[in-house]
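Just follow the structure's listing: the first ligand is 1, and inside any ligand the first atom is 1. Count residues from 1 along the sequence. What you see is a predicted model, and the numbers here were worked out from it, not measured in a lab.
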Amino acid sequence: MIKAAFFDTKPYDRIYFDELKKNFGVEIEYFESKLNPRTAIMSKGAKAVVAFVNDDVGKETVSVLESIGVRMIALRCAGYNNVDLAAADGVIPVVRVPAYSPNAVAEHTLALLLTLVRKTHKAYIRTRDFNFSLNGFVGFDLYGKTLGVVGTGKIGMAFIEICRGLGMKIIASDPNPTQKGIEYVSNEELFSRADVISLHCPLTSSTYHLINNYSLNLMKDKVYILNTSRGALIDTEALIDGIKSGKVGGAGLDVYEEESEFFYEDYSESILKDDVLSRLIMMPNVLVTSHQAFLTHEALRRIAEITLGNIRGYFDGGKLENAVSYKRK
Ligand code: NAI
């Protein structure tokens, strides 16, 4: 049995890991705490650490894990912007789940878009109060509108396929413009032509605050912006200014640049201390979900299978499936 320490555990995480762990010969100790330099010590005795999107896999955490004998970090997510690759490389291998259900994320992106455009989030509340008025509910057809997709990888392409079905015109930007049948344009052209912009690129130094005052100025009035990728792709203050000025018609956000303290936790009995997030949530044409685009049964099962397979494969043969950082032997 390989012992693994599992951080930031929620009840839904355990469903498939508990079901499948025996098949892979992995024993799991679950911790509710997030992984960070202080909590890393809790993994003493474990050979692998399983971490998620808002865990801190920075230099200090890596150093503590290495010093207590942890031999690998298995991310149970695709993005790895929370990992200090320079600190991990050569010290401790880090693996991830590069793809588990691009459709889960793409379908959630569609849910955000349709809800915002047809205002079903408000209609639900209104009819529950027996208020059957339609005032303020005028939406628009997506058919014939232009969708601009930033990043035509697995999720971006799944979203494009869905939106083609709606009859939208598609344009896209990507530094690797390899997909067939896509009209690739520069980011600037995409921002100026799209009615709906959807972000599906990773967070890197070159995509940080891709949506900012400059790019917002290039956009059409009443543009809709969707972000199910990573929060820091958007300069939130600039987005709020764009919403206040009417430049942005609606924003569907599954991610937020300061989400790590709040998302996945219940603050319903507290006063939220993040004024920017509070302001966003209070805006009638903004829909915030708590980094849940991945959350389907199909995706959770694949995440568990691939993560456990990554761990087993490494300890069986030293094979590094899906590695983002290596330890040279
Ligand atoms: P992928 O690696 O298949 O595709 C990413 C694409 O973005 C690639 O084609 C790449 O060339 C492109 N790209 C890189 N830099 C770019 C730039 N500057 N401008 C435009 N395109 C650029 O990744 P996948 O699986 O499609 O995931 C995309 C992102 O979705 C991940 O990085 C992750 O942050 C996010 N994600 C969010 C989830 C959620 O629950 N909200 C779940 C899973 C992933």
Side-chain angles (χ1 to χ4, degrees), residues 8 10 12-13 51-55 57 75-83 85 96-113 147-163 170-180 182-191 194 197-212 214-215 218 225-234 251-257 259-260 262-264 287-303 306-307 322-324:
D8 201 9
K10 296 286 182 282
Y12 47 80
D13 287 318
F52 199 45
V53 288
N54 289 324
D55 286 318
V57 194
L75 299 174
R76 56 182 195 279
C77 53
Y80 51 96
N81 51 285
N82 56 335
V83 180
L85 291 178
R96 66 175 180 137
V97 184
Y100 40 89
S101 176
N103 296 314
V105 182
E107 288 170 19
H108 187 79
T109 313
L110 177 71
L112 292 176
L113 176 59
L147 169 70
V149 171
V150 180
T152 55
K154 293 172 285 295
I155 296 170
M157 285 310 294
F159 190 56
I160 286 174
E161 288 313 317
I162 290 172
C163 292
I170 313 291
I171 55 175
S173 68
D174 196 306
N176 303 306
T178 51
Q179 302 288 349
K180 301 260 178 303
I182 299 279
E183 183 187 349
Y184 281 106
V185 296
S186 66
N187 275 340
E188 279 75 10
E189 188 175 344
L190 183 145
F191 294 145
I197 294 169
S198 197
L199 305 178
H200 298 290
C201 58
L203 175 62
T204 62
S205 51
S206 68
T207 59
Y208 177 79
H209 283 187
L210 187 68
I211 306 295
N212 52 31
Y214 170 76
S215 49
L218 299 174
I225 298 176
L226 305 168
N227 187 6
T228 53
S229 210
R230 284 294 179 267
L233 294 175
I234 298 183
L253 310 172
D254 187 49
V255 286
Y256 166 59
E257 51 183 330
E259 70 180 46
S260 59
F262 304 105
F263 281 18
Y264 304 135
L287 193 53
V288 175
T289 53
S290 177
H291 206 140
Q292 73 171 76
F294 72 99
L295 196 63
T296 67
H297 279 291
E298 291 79 358
L300 288 174
R301 173 176 271 282
R302 287 295 293 149
I303 287 170
I306 296 169
T307 305
N322 305 319
V324 292

Side-chain ([X]) to main-chain ([Y]) donor-acceptor, under 3.5 angstrom:
{"X": "T207", "Y": "P202", "answer": "yes"}
{"X": "Y256", "Y": "A232", "answer": "no"}
{"X": "Y264", "Y": "H291", "answer": "yes"}
{"X": "N322", "Y": "V97", "answer": "no"}

With a 4.5 Å cut-off on side-chain heavy atoms, are [Y] and [X] touching?
{"X": "H200", "Y": "V150", "value": "no"}
{"X": "S101", "Y": "L300", "value": "no"}
{"X": "S215", "Y": "N187", "value": "no"}
{"X": "L199", "Y": "L226", "value": "no"}
{"X": "F263", "Y": "D254", "value": "no"}

Under a plain distance cut-off of 3.5 Å, with no hydrogens placed, do T109 and S198 share a side-chain donor-acceptor pair?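 The answer is no; no qualifying pair exists.
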Atoms of ligand 1, numbered as shown, that sit under 4.0 Å from any heavy atom of [X]:
{"X": "A293", "value": "39 (C), 40 (O), 41 (N)"}
{"X": "T207", "value": "17 (C), 18 (N)"}
{"X": "S173", "value": "20 (C), 21 (N)"}
{"X": "V150", "value": "19 (N), 20 (C)"}
{"X": "N176", "value": "11 (O)"}
{"X": "D254", "value": "39 (C), 40 (O), 41 (N)"}
{"X": "H291", "value": "39 (C), 40 (O), 41 (N)"}

Kindly give the heavy-atom pair with the smallest separation between A172 and T152, and that separation in Å.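 That would be CB-CG2, 3.4 Å.
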Would you mind checking which non-hydrogen protein atom is closest to [atom], with the distance to 0.1 Å?
{"atom": "atom 4 (O) of ligand 1", "answer": "G153 CA, 3.2 Å"}
{"atom": "atom 40 (O) of ligand 1", "answer": "F294 N, 3.2 Å"}
{"atom": "atom 38 (C) of ligand 1", "answer": "T228 O, 3.8 Å"}
{"atom": "atom 30 (O) of ligand 1", "answer": "S229 OG, 3.3 Å"}
{"atom": "atom 7 (O) of ligand 1", "answer": "P202 CD, 3.4 Å"}
{"atom": "atom 16 (C) of ligand 1", "answer": "P175 CD, 3.3 Å"}
{"atom": "atom 33 (C) of ligand 1", "answer": "R230 NH1, 3.7 Å"}
{"atom": "atom 28 (C) of ligand 1", "answer": "H200 O, 3.4 Å"}

Under a 4.0 Å heavy-atom limit, does [X] contact ligand 1 with its side chain, its backbone, both, or neither?
{"X": "Y100", "answer": "side chain"}
{"X": "T152", "answer": "backbone"}
{"X": "D174", "answer": "both"}

Would you mind telling me which of L75, V57, L203, V53 makes a side chain to side chain contact (heavy atoms under 4.5 Å, CB included) with Y80?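 So, applying the side chain to side chain contact (heavy atoms under 4.5 Å, CB included) to Y80 and each of L75, V57, L203, V53, only L75 qualifies.
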Looking only at distances, please establish whether an N/O atom of ligand 1 is found under 3.5 Å from an N/O atom of [X].
{"X": "K154", "result": "yes"}
{"X": "V105", "result": "no"}
{"X": "S206", "result": "no"}
{"X": "N187", "result": "no"}

What about the rings of F52 and F294, do their centers lie closer together than 6.0 Å?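 Yes, close enough.
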Can you measure from CG (D174) to CE (M157) and round to the nearest 0.5 angstrom?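 Spacing of CG (D174) from CE (M157) equals 10.0 Å.
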Nearest option to atom 24 (P) of ligand 1, as decided by whichever heavy atom of V149, I155, T109 sits closest: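 Checking each option, the heavy atom nearest atom 24 (P) of ligand 1 is found in I155.
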